Number of protein chains: 2
Amino acid sequence: MEQNTKIAAKKRIFDAAVSLFARRGFAAVGIREIAKKAGVNISMINYYFNGKAGILKEIINECYDKYYSAILDTGGEKTPLEERVRYLTRNMVDFFRKNTELAIVAFSTIPVDIPEIIDLKIKWIESKREATNKWFKTLGMDVKNAPLMCVIRSFLTSIIFGFVEAQYCCDHIVQAPAMPIHLQDHFKHDDHAVVMDDSFYKKYVEILGCVYLHGVMSMSKKKGKKRSKKKRK
Amino acid sequence: MEQNTKIAAKKRIFDAAVSLFARRGFAAVGIREIAKKAGVNISMINYYFNGKAGILKEIINECYDKYYSAILDTGGEKTPLEERVRYLTRNMVDFFRKNTELAIVAFSTIPVDIPEIIDLKIKWIESKREATNKWFKTLGMDVKNAPLMCVIRSFLTSIIFGFVEAQYCCDHIVQAPAMPIHLQDHFKHDDHAVVMDDSFYKKYVEILGCVYLHGVMSMSKKKGKKRSKKKRK
DNA sequence: GTTTCAATCAAACGATTGTTTAATTATAAT
DNA sequence: ATTATAATTAAACAATCGTTTGATTGAAAC
């Protein structure tokens with residue numbers, strides 16, 4: 001068996017699983033459906049991934065690797081903060097756009113029955129904790145301030161992921177051919193009818209970056225220092 | 001059969017389902033498990049709810065009813081905007097805290113195989129669209145600006161829900177007795193070790209309200225008017 | 001008391017589930 | 001060519017799934 005074809009079968013399974021899990025959820029998709037979509041026999045799931053959970057493990061590893069690459073790339077320290085915020089926002093939006101299904105699966109699946117997956121996720125998050133804290137300190141955040149960090153830490157991820165997931169739902173589930181036509185008419189107005197091309201996302205990134213900057217800087221010690229001068233009487 | 005006991009059986013099923021669905025997901029939880037937890041026979045699911053999907057339908061209706069009550073209660077029009085933002089933020093945080101499991105199930109479950117549920121959700125969202133737009137106009141948002149509205153529309157919900165869901169996961173899944181002990185040690189520092197009591201949430205609301213106000217007002221036509229005066233030469 | 005209606009139960013049904021196993025086929029190495 | 005290894009297949013397994021059905025029990029109405 002040529003390496004190319006070997007890789008192809010494994011990859012086909014992976015891609016089929018990502019797509020199906022994203023639309024339907026991990027628990028609702030069976031290995032027979034994945035195998036059928038990938039054009040392989042069901043035993044291949046076990047052979048290549050050691051079972052269904054193994055697919056999920058690889059999804060999580062690939063997604064988190066890409067995710068943390070995106071969020072930890074915040075530009076040069078000499079760059080003005082405004083530009084860095086914009087740069088980061090763009091990185092993250094790009095990440096979620098390019099890896100929508102991967103992210104939906106990895107971020108939304110919490111398989112309680114499979115502790116090793118929970119373990120894996122926790123390890124990823126913990127291993128990147130200090131690195132992400134560095135960025136928040138750059139923003140002037142007090143990382144020991146618990147309620148503050150609960151707002152700020154996943155700010156961009158929550159907003160972008162929430163939006164991208166909703167769009168995915170709209171495009172691939174509600175608008176999917178299998179869905180009754182009358183439901184598809186619901187999205188023919190306002191932001192739902194907008195062509196979300198690169199131009200749209202450029203504006204989205206600008207706006208979000210601005211909201212993030214202004215919102216977060218209202219909590220920043222860096223900005224707070226400026227104010228403290230005025231308050232001293 | 002007394003009405004009290006009748007209500008009790010149906011409610012026990014509902015509550016058991018909410019709890020199980022929140023932890024494990026709709027597709028992963030079977031009716032036998034729900035019936036066992038509720039202390040009834042499995043046929044009761046069909047009797048009271050016309051099947052598993054019926055439970056989900058009632059969960060969605062109850063949750064969305066409460067959710068929209070919360071987000072549409074934005075205080076009096078005579079009240080200063082700052083206070084209204086704080087008021088709304090508190091409403092929403094309270095809603096998600098009090099109805100965590102309900103919200104997780106209703107917001108996270110997208111049963112592709114059950115178009116009537118998709119339909120129901122869409123109807124809820126569409127029926128409240130104009131009412132929610134009113135608030136955004138109050139904020140000075142241009143509701144026709146698609147990328148702007150894609151940032152602003154679900155801003156608070158994304159952040160609060162994301163946070164509350166993560167805490168639920170931490171408290172009820174990772175920290176659950178069935179989870180191997182070594183995983184539970186991961187959350188003994190920083191914001192994860194904080195007692196999230198009313199005092200914590202009071203600060204959380206303050207901070208989030210402030211971030212929201214400053215972030216959103218950076219995009220507001222109301223604030224924009226003030227600046228336009230200075231720009232005129 | 002009897003009859004009717006509501007609530008509950010257990011059994012059955014056809015279908016599906018992920019994992020395992022042994023056989024077969026394809027490919028690589030000699 | 002033969003042998004060894006990798007990839008693939010089909011069958012089997014034990015378990016589970018949600019819905020349906022008819023029987024039984026409990027409560028209300030008369």
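Here is how names work: the chains are called A, B, and so on, in the same order as the sequence lines, proteins then strands, and each is numbered from 1. Values in this document were obtained by computation on a predicted structure and should not be read as measured data.
A/N91 pairs by the side-chain hydrogen bond (donor to acceptor under 3.5 Å, both in side chains) definition with nothing, not counting sequence neighbours. With sequence neighbours left out, the side-chain hydrogen bond (donor to acceptor under 3.5 Å, both in side chains) criterion links B/D94 to no other residue.
Cation-pi geometry between B/K10 and B/F49 is met: the NZ or CZ atom falls under 6.0 Å from the ring centre, inside 45° of the normal.
The distance from atom CG of A/N46 to atom P of D/dT8 is 14 Å, rounded to the nearest whole Å. Look at CE on B/M44: it is 12 Å from C1' on D/dT24, rounded to the nearest Å. To the nearest angstrom, C1' of D/dT16 lies 14 Å from NZ of B/K36. Rounded to whole angstrom, the span from the CZ atom of B/R24 across to the P atom of D/dT16 amounts to 12 Å. If you measure from atom CD1 of B/I31 to atom P of D/dG18, you get 5 Å, rounded to the nearest angstrom. Nucleotide D/dT16 holds its P atom 15 Å from the NZ atom of B/K52, rounded to whole Å. Taking atom CG on B/L56 and atom P on D/dG18, their separation rounds to 13 Å, with Å as the unit. In this structure, A/D113 places its CG atom 14 Å from C1' of D/dA15, rounding to the nearest Å.
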Query raised in the report: How does protein contact run along nucleotides 11-16 of chain C, one letter per nucleotide 5' to 3', with B for base contact, S for sugar-phosphate only, - for none, heavy atoms under 4.0 Å?
Result: -B----
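Between C/dA6, D/dA7, D/dG18, one nucleotide has an atom nearer to the side chain of A/Y47 than all others, and that is D/dA7.
Using the six-membered ring where Trp is involved, A/F155 and A/Y212 have ring planes that are tilted, between 30° and 60° apart. Ring-plane geometry between A/F95 and A/F107 is classed as perpendicular, the angle between the planes exceeding 60 degrees on a 0 to 90 degree scale with a lower cut at 30.
A/Y204 has its ring centre less than 6.0 Å from the ring centre of A/F163.
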